[in-house]
Amino acid sequence: MNTRFILLGPPGSGKGTQAERLTLQYGMPQISTGEIFRYNISNETELGKKVKEYVQAGALVPDELVVDLVLDRLAQSDAKDGWLLDGFPRTIVQADAFAANLTETGGAIDRVLYITVPKDVLIQRITGRQVCEACGRTYNVNSFPTKTSGVCDHCNGKVVARADDTEETAKVRIDVYEEQTKPLVEYYRDAGLLTEFDGREPVDVTYAKIEAIINDSPATRMAAE
Ligand code: AMP
């Protein structure tokens, strides 16, 4: 099914949670640049060494590193029938480079799903966030805790906080978002591609709204016919 969606929103808005569920339901790969970077950092790869300082400081990784990485990932066979981008693009430069590539390859973005959440709520969410080291499921000590502290409900893996989820780094990441990523809201609105969601609503409510949009996309309708 050729569904091509971008999740846009500040850190802590719930993009990753929605992406996890959407890929389970629709099967398109979730391409999370943040997750690719964290994987490379923990495995001490060449890419990991190059990006570590930026990620730990909450700064953006330079555009040229990110764009090539995403284009390579999108060229893999599992992405040929659609994708869900989570955390990319994050700058106008990235969005322009991505648009140029789509034009070249004859692809297109179906919709940009923009999740908004006020800053004070974001900090609270980010600092409570936990992730399973083994299966990647996400939890939150305040709103969605594991049944047993530190243990994943799903696979019994160890559940930990991300290294960049401290209050200090969260504030930097939100400022970076405001300055460098938020301009993409107008960029995609002007392109007629943006749909906005209130990320303070329960996860299920936002999910149902996103689901309705995906089910109504031309590729999904065609697959159902
Ligand atoms: P995330 O998991 O999306 O919150 O990303 C974690 C970190 O990875 C960010 O704070 C950045 O340092 C880096 N990162 C992820 N995606 C991008 C991107 N598209 N451009 C630049 N840096 C990124």
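Each ligand, and each atom within it, is numbered from 1 in the order the structure gives. Given the structure is predicted, the values throughout are model-derived calculations rather than measurements.
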Engineer: Return the residue, atom name and 0.1 Å-rounded distance of the protein heavy atom closest to atom 22 (N) of ligand 1.
Structural biologist: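 The closest one turns out to be V61 N, 3.0 Å.
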
Engineer: With heavy-atom distances below 4.0 Å as the criterion, list the atoms of ligand 1 near T33.
Structural biologist: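 Listed by number with element: 15 (C), 16 (N), 17 (C), 19 (N).
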
Engineer: Could you say whether the N/O atoms of G87 and ligand 1 ever approach to under 3.5 Å?
Structural biologist: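 In this structure, G87 places an N or O atom under 3.5 Å from an N or O of ligand 1.
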
Engineer: To which protein heavy atom is atom 15 (C) of ligand 1 closest, and what is the distance rounded to 0.1 Å?
Structural biologist: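 For atom 15 (C) of ligand 1, the nearest protein heavy atom comes out as R90 NH1, 3.4 Å.
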
Engineer: Among all the protein's non-hydrogen atoms, which is closest to atom 4 (O) of ligand 1, and how far away is it?
Structural biologist: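 Scanning the protein heavy atoms, the shortest distance from atom 4 (O) of ligand 1 goes to R162 NH2, 3.2 Å.
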
Engineer: For the residue pair D63 / T91, report whether a side-chain donor-acceptor contact shorter than 3.5 Å exists.
Structural biologist: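 A donor-acceptor contact under 3.5 Å links the two side chains.
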
Engineer: Got a salt bridge between D78 and R73, using NZ or NE/NH1/NH2 to carboxylate O under 4.0 Å?
Structural biologist: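 Yes.
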
Engineer: Which residue owns the protein heavy atom closest to atom 11 (C) of ligand 1, what's the atom, and how far is it?
Structural biologist: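 The protein heavy atom lying closest is A59 O, 3.4 Å.
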
Engineer: Just checking, is any N or O donor in the side chain of E20 or T138 under 3.5 Å from an acceptor N or O on the other one?
Structural biologist: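 Result is yes, a qualifying pair exists.
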
Engineer: Decide, yes or no, whether a salt bridge links D204 with R21 under the criterion of side-chain N to carboxylate O below 4.0 Å.
Structural biologist: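 Salt bridge present between D204 and R21.
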
Engineer: Answer yes or no: is there a donor N or O on one side and an acceptor on the other, between the side chain of K15 and the main chain of G87, under 3.5 Å?
Structural biologist: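 Here the side-chain-to-backbone pair does not exist.
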
Engineer: Distance to 0.1 Å, residue and atom name: give those for the protein heavy atom nearest to atom 20 (N) of ligand 1.
Structural biologist: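 Of every protein heavy atom, Q94 NE2, 2.9 Å lies nearest to atom 20 (N) of ligand 1.
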
Engineer: Below a 4.0 angstrom heavy-atom separation, can you tell me which part of R173, side chain or backbone, both or neither, approaches ligand 1?
Structural biologist: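 It is the side chain that touches ligand 1; the backbone stays farther off.
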
Engineer: Give a yes or no on whether a salt bridge exists between E178 and K119, defined as a side-chain N under 4.0 angstrom from a carboxylate O.
Structural biologist: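 No.
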
Engineer: So which heavy atom in the protein is nearest atom 23 (C) of ligand 1, and how far is it from that ligand atom?
Structural biologist: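 Its nearest protein heavy-atom neighbour is F37 CE1, 3.7 Å.
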
Engineer: Going by an N to O cut-off under 4.0 Å, is there a salt bridge joining E167 and K171?
Structural biologist: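 Yes, this pair counts.
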
Engineer: Between E196 and R189, is there a salt bridge with N-O shorter than 4.0 Å?
Structural biologist: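 Answer for the salt bridge query: yes.
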
Engineer: What protein heavy atom sits nearest atom 7 (C) of ligand 1, and how far off is it?
Structural biologist: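 Sorting protein heavy atoms by distance from atom 7 (C) of ligand 1 puts V55 CG1, 4.0 Å first.
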
Engineer: Please report which non-hydrogen protein atom sits nearest to atom 2 (O) of ligand 1, along with the residue it belongs to and the distance in Å to one decimal place.
Structural biologist: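 Checking every protein heavy atom, the shortest distance to atom 2 (O) of ligand 1 gives R38 NH1, 2.9 Å.
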
Engineer: If you measure every N or O of G58 against every N or O of ligand 1, does any of those distances drop under 3.5 Å?
Structural biologist: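 G58 vs ligand 1: no N/O contact under 3.5 Å.
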
Engineer: Dump the intermediate steps for ring pair (Phe, Tyr, Trp, His ring centres under 6.0 Å) on F88 and F98, then the final yes or no.
Structural biologist: CA-CA 9 Å; F88 176 90; F98 185 48; 5.5 Å; yes

Engineer: May I ask you to list the atoms of ligand 1 that are less than 4.0 angstrom from any heavy atom of V66?
Structural biologist: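 Taking each heavy atom of V66 in turn, ligand 1 has 18 (C), 19 (N), 20 (N), 21 (C) under 4.0 Å.
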
